[in-house]
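Please read the structure below before turning to the comments.
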There are 2 protein chains.
Amino acid sequence: MSILSKLSFKDQAFKLRENAILDATTDILKDKGYDLMTMDDVANAVGISKPSLYKHFKSKEELIGEAMIRLIDGAIDFLDQLDRNLSPIEQISAMLEWALRVRLEGGMPFLPSTSAHVRDMLTRNLKYVARILKLNHQLEKLVSKAQKAGDLNPDLPSDVILFSYYSRTCDPAVEFLQRYSKLDNEAIIQHMLKVCFAGLGGPNHAY
Amino acid sequence: MSILSKLSFKDQAFKLRENAILDATTDILKDKGYDLMTMDDVANAVGISKPSLYKHFKSKEELIGEAMIRLIDGAIDFLDQLDRNLSPIEQISAMLEWALRVRLEGGMPFLPSTSAHVRDMLTRNLKYVARILKLNHQLEKLVSKAQKAGDLNPDLPSDVILFSYYSRTCDPAVEFLQRYSKLDNEAIIQHMLKVCFAGLGGPNHAY
DNA sequence: AATAAAATCTACTACTCAGTAGCAAAATAC
DNA sequence: GTATTTTGCTACTGAGTAGTAGATTTTATT
């Protein structure tokens, strides 16, 4: 047992530090963005040296890719663990609410509306793309059901709904409101949900 | 007259080239983004050398600032030239429609949902901020009127409406739809407008 | 305690790119 | 046609940073 347990203990420590690295990465990424985040930043934040960091991730691209994958996995897990009794629209709404709350509490959007650079990088990352496709597949099914139930507009193409929905999870209006309005986080969430599903129009609007 | 006319001729040529530089900048910015755009890129695209480029703009920040200012000015001009007989909601809608069309035809969003780096840079640019405030002021008035008329939801705080509206002008769903859906540009615009004002919800949605 | 192995660090390389010095060529003046 | 000014260019500097080589320390083994 001794050798095996030692190995697994080491592995555990390794995994633990890997998580600390990803935490730091997500954190720095959040307020510096891809290009301004340096590998030294991450190493310093974790309290290790750069070569040690490279023992875990062989490049900056890989590091950021893994951080993004972890965020997507968080979203997939959230969706999986939702109460199965919730209707499709309730699940869709709960997921957006969760994403907005994560962001307001200092987290990263799991689908960044990022620069060309970052988008290209992630598109080349097959592991990341696979996760996205998985998440997308699940949401497609929910959207389709919600449209049939009349809870999402059946006249809109489902692409339009899906892409618009994704955009809401990383809507910059959230940060604007947090910075420049006096609304508290919960109020912001409720308003963003309302805007997402009911739109900006009032009772007399033509649409 | 000779000296004066020569000077103004020179000035004209200078201005002309300045515009060519800003055109190239906007173009490159559109598909490379701030960090990947180099001053050599811009100089090469215009067909001049880097030092010549620096005769016009004393830094990369200034160059990009001026390009962004020109985009905002375009938006302000568009708003100014709108038919005065249009109702507030019609003006608001027309402006979003215009912004979406510009983007679909290969232009830049005049309000980029950009990285922290770019945001900071623009925030430090007083000239840019002044234009933004001017545009914002005009839109605030329109929003307030449209809310009173019941064409925009009077129950939403006007910040929420304004920031959400800005976000729609640079909504990444537009690029997603252009790339991955079979909708043509006009259909995309109509759907985006509908989503903006009427939301994603269908007839049975609780909101 | 001596040795081997693993982990981690310091100090470096290679490269990109913003910004510039100083030269060359063209235009203008006399 | 020569002198002067303007314009533009080539070729450089310096800063920042991804990624690495090789020394050093720590840990495990006998």
Rounded off to whole Å, could you give me the NE2-to-C1' distance for the H117(A) and dT17(D) pair?
-> 13 Å
How many Å lie between CG on L53(B) and P on dT20(C), as a whole number?
-> 12 Å
Between D35(A) and Y34(B), does a side chain to side chain donor-acceptor pair (under 3.5 Å) hold up when you go through it step by step?
-> CA-CA 10 Å; D35(A) 300 278; Y34(B) 175 82; over 6 Å; no
Quick one: pull up CE in M39(A) and OG in S59(A) and give me the separation to the nearest 0.5 Å.
-> 7.0 Å
CD1 of I189(B) to CG of L96(B): how many Å apart, nearest 0.5 Å?
-> 9.0 Å
May I ask you to list the residues of residues 57-66 of chain A, by number, that have any heavy atom positioned under 4.0 Å from an atom of DNA chain D?
-> S59(A), K60(A)
Nearest-0.5 Å distance that lies between atom CD1 in I76(A) and atom CZ in F110(A) = 9.5 Å
Does a side chain donor of either S87(A) or E90(A) reach within less than 3.5 Å of an acceptor in the other side chain?
-> yes
Return the value, rounded to whole Å, for the distance between atom OH of Y54(A) and atom P of dT17(D).
-> 12 Å
Side chain Y165(B), main chain I92(B), donor-acceptor under 3.5 Å | yes
Rounded to the nearest 0.5 Å, what separation is found between the OG1 atom of T169(A) and the CD atom of E97(A)?
-> 14.0 Å
Can a donor-acceptor pair be found between the side chains of S164(B) and S167(B) at a distance below 3.5 Å?
-> no
Of all residues at least two apart in sequence or in a different chain, which pass the side-chain contact (heavy atoms from CB on, under 4.5 Å) check with V102(A)?
-> W98(A)
Lys/Arg-Asp/Glu bridge criterion (N-O < 4.0 Å) met for R70(A), D23(A) | yes
Could you identify which residues of residues 29-41 of chain A place a heavy atom less than 4.0 Å from some atom of DNA chain D, listed by residue number, or say none?
-> M37(A), T38(A), M39(A)
Can you check whether Q138(B) reaches D80(B) side chain to side chain, under 4.5 Å on heavy atoms?
-> yes
When every nucleotide of nucleotides 8-14 of chain D is labelled 5' to 3' by its protein contacts under 4.0 Å (heavy atoms), B for base, S for sugar-phosphate only, - for none, what sequence of letters results?
-> SBB----
Between R168(A) and D171(B), is there a salt bridge with N-O shorter than 4.0 Å?
-> yes
Those residues of residues 18-25 of chain B lying under 4.0 Å from DNA chain C by at least one heavy atom = none
Got a sec, which residues hit side-chain contact (heavy atoms from CB on, under 4.5 Å) with N153(A), two or more places apart in sequence or on another chain?
-> D155(A), L156(A), K194(B)
